[in-house]
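Notes follow the structure.
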Amino acid sequence: MSKNSIINTLAKCAASASNQSLSALFAADSNRMSRLRVQAPGMVADLSKQKVDEKTLNTLIQFADSCGLPQFFAAMADGAEVNKAEGRAAQHMALRAGKDANAHALGQPISSLVADDLAKMRGFGQKLRRGELTGSTGRPLNTLVHIGIGGSDLGPRFIAQALHRQLNPGITLRFAANLDAADINDALQGCDPETTMIVVVSKTFSTRETLANANVARAWLVQHLGADAPRHHMAAVSTNIEAIAAFGIMPDNVFAMYDWVGGRYSLWSSVGISLMAALRGGAFDELLAGAAAMDEHTLGTPLEKNAPFLSALVQFWNRNFLNLQARAIAPYASRLALLPSYLQQLIMESNGKTVGVDGKPAAFAASPVIFGAEGTNAQHAYFQQFHQGPVPVPVDFIGIVKDAEHNPGQHNGVLANMLGQARALMVGKPAIEIAAQLREEGVEESAIERLAAQKTMPGDRPSSTILLDELSPFCLGALLAFYEHETVAQAVLCGINPFDQWGVELGKKLALDLESRLNAHNTDGMDPSTQALMERINRPD
Ligand code: F6P
């Protein structure tokens, strides 16, 4: 079948989707669970509460084939130029493939670089944990302040929160990202300069926020310990070795990054140095192993059982054929509270685009609006709209099977809430049942119709549920790699490049210009709105 006829079939499937409720889909197909519940390393992904029937699923799989989805991933793993706009490979998988992987980027061997970098990171981490890294006054370093933003911040920050129980108790780990000086001030607050190491992470080493915060931290060190202190108390991760040297960071404390790894895919690189050091020994390697296991699953499993690919197909269907423009991420675990922010960057910075790799308008949209927060908190905030708002919002529920807090009562409570929400979204509650209940409660007949209408839950609202085996480094590595592959797969289905981010450039340029204008009180040539706002900012009384 040609690609066009596959798309036509999908459009027909979409037209009939509203005639069959989710509950009816289960009743009609005894095979549904075995098709839509897929096992992958560290997790099971249940996509059966998504609005796809067997025909839709088969057609979506045909569509993935017609787009060359498995071939794209094979080329990516081979280090081909999959990021055409920037002439780069996208070799985040090589970062976790091990030293014998024989990986390449644009034909250049990279596995030994990766192995050397990891060995250097391990050495740094071991020394720090053993108290062998000392500052300018000879005291052991025991505090890391990680400065970076976006892809150079969100991954390490998320994992540090998620693996809180695996952080070495002797090491304090703090983060600063925002240009708002409150962030770096809070991060340095209470740190002892003599025992603090500042880790500056920036792929380009030119990012305004990161350099500003690094300058504050360097001045803080100099103020307390003298001009020589940054040599002993600062480390950096970047591709820009000249800029790091100019900043005054010693080569021993410099960790490499490469242009063949995009910022939002870089957690597995030296960007994870603070984690390698602050987590118990071996934990970072287990994170890599979990991601590598998911890579193997993704590269080696047929589409029908491939968890990231099937999930990508479902999301592609939701966005483009059911016209659902948002997607919520609801991890049912406090320690996964930062997952929605991490995925927001991963998915929206990768796929928030409308022009295809060929420079023409893309035929499909790859990214819905991504937002979310952890359950059960989120239920008491915005879930109301999920149940009764005008447009369904597909939800990714993420639960953890093993109870790490040794409180089975509350653990089951959390998971029961997650299951309850997914079920309520699916089955809803019809007006007729509500009216009967109101009658039973003795509500006056004149009020029943109005109240029943207000209390009706339409149901038939889709969701996916991912159950992680446990909150371990391995499972987290697998989870993040699952979402990486799902994101790239959606881009392939839509014909866009998930590895560039031209859209963020204009705002950065304008901000630089506006900063110098604000400093000079110069509003010339600005639009009336910006001009009035600048005038108010320049009169802070
Ligand atoms: O503003 C976008 C961005 O380039 C992200 O893609 C990146 O993760 C972040 O800024 C930080 O960039 P860098 O690591 O170069 O400081």
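Just so it is clear, the values below take in all heavy atoms, side chains as well, and ignore hydrogens, waters and symmetry mates. Order of appearance sets the numbers: ligands from 1, and atoms from 1 within every ligand.
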*Name the orientation class of the two ring planes belonging to W317 and F321 (parallel below 30°, tilted from 30 to 60°, perpendicular beyond 60°).*
parallel

*Minimum non-hydrogen distance to atom 11 (C) of ligand 1, winning option of V201, I149, V271, I147*: I149

*Does W268 have R96 sitting over its ring (NZ/CZ under 6.0 Å from centre, angle to axis within 45°)?*
yes

*Which ligand 1 atoms does Q345 reach within 4.0 Å, using its non-hydrogen atoms?*
5 (C), 8 (O)

*Is it the case that more than 12 heavy atoms not belonging to H164 sit under 6.0 Å from its NE2 atom?*
no

*Check R218 against P230 and note the closest heavy-atom contact, atom names and distance.*
CG-CG, 3.6 Å

*Contact (N/O only, under 3.5 Å) between T210 and ligand 1*: no

*Taking all heavy atoms of E374 and all of S334, pick out the closest pair and write down the distance.*
CG-CA, 4.4 Å

*Determine the interplanar angle of the F72 and F499 rings, folded into 0 to 90°, and report it as parallel if under 30°, tilted if 30 to 60°, perpendicular if over 60°.*
parallel

*Identify which of K203, R264, E349 has a heavy atom lying nearest to atom 3 (C) of ligand 1.*
E349

*asked:* I want to know if ligand 1 touches G151 in the polar sense, i.e. an N/O pair below 3.5 angstrom.
replied: yes

*By side chain to side chain contact (heavy atoms under 4.5 Å, CB included), which residues pair with N102, not counting sequence neighbours?*
H104

*asked:* When you measure from the heavy atoms of M257 to every atom of ligand 1, does any distance fall below 4.0 Å?
replied: no

*asked:* Among all protein heavy atoms in this structure, tell me which lies nearest to atom 15 (O) of ligand 1, with the distance rounded to 0.1 Å.
replied: T204 OG1, 2.6 Å

*Quick one: sort the F364 and F63 rings into parallel, tilted or perpendicular, breaks at 30° and 60°.*
perpendicular

*Between V504 and ligand 1, find which residue part has any heavy-atom pair under 4.0 Å and reply side chain, backbone, both or neither.*
side chain

_Ligand-side contact atoms (ligand 1) for residue partner T207, heavy atom cut-off under 4.0 Å_ = 12 (O), 13 (P), 15 (O), 16 (O)

*asked:* If the contact criterion is a heavy-atom separation under 4.0 Å, does E209 count as touching ligand 1?
replied: no

*What are the atoms of ligand 1, with element, lying closer than 4.0 Å to any heavy atom of K508?*
1 (O), 2 (C), 4 (O)

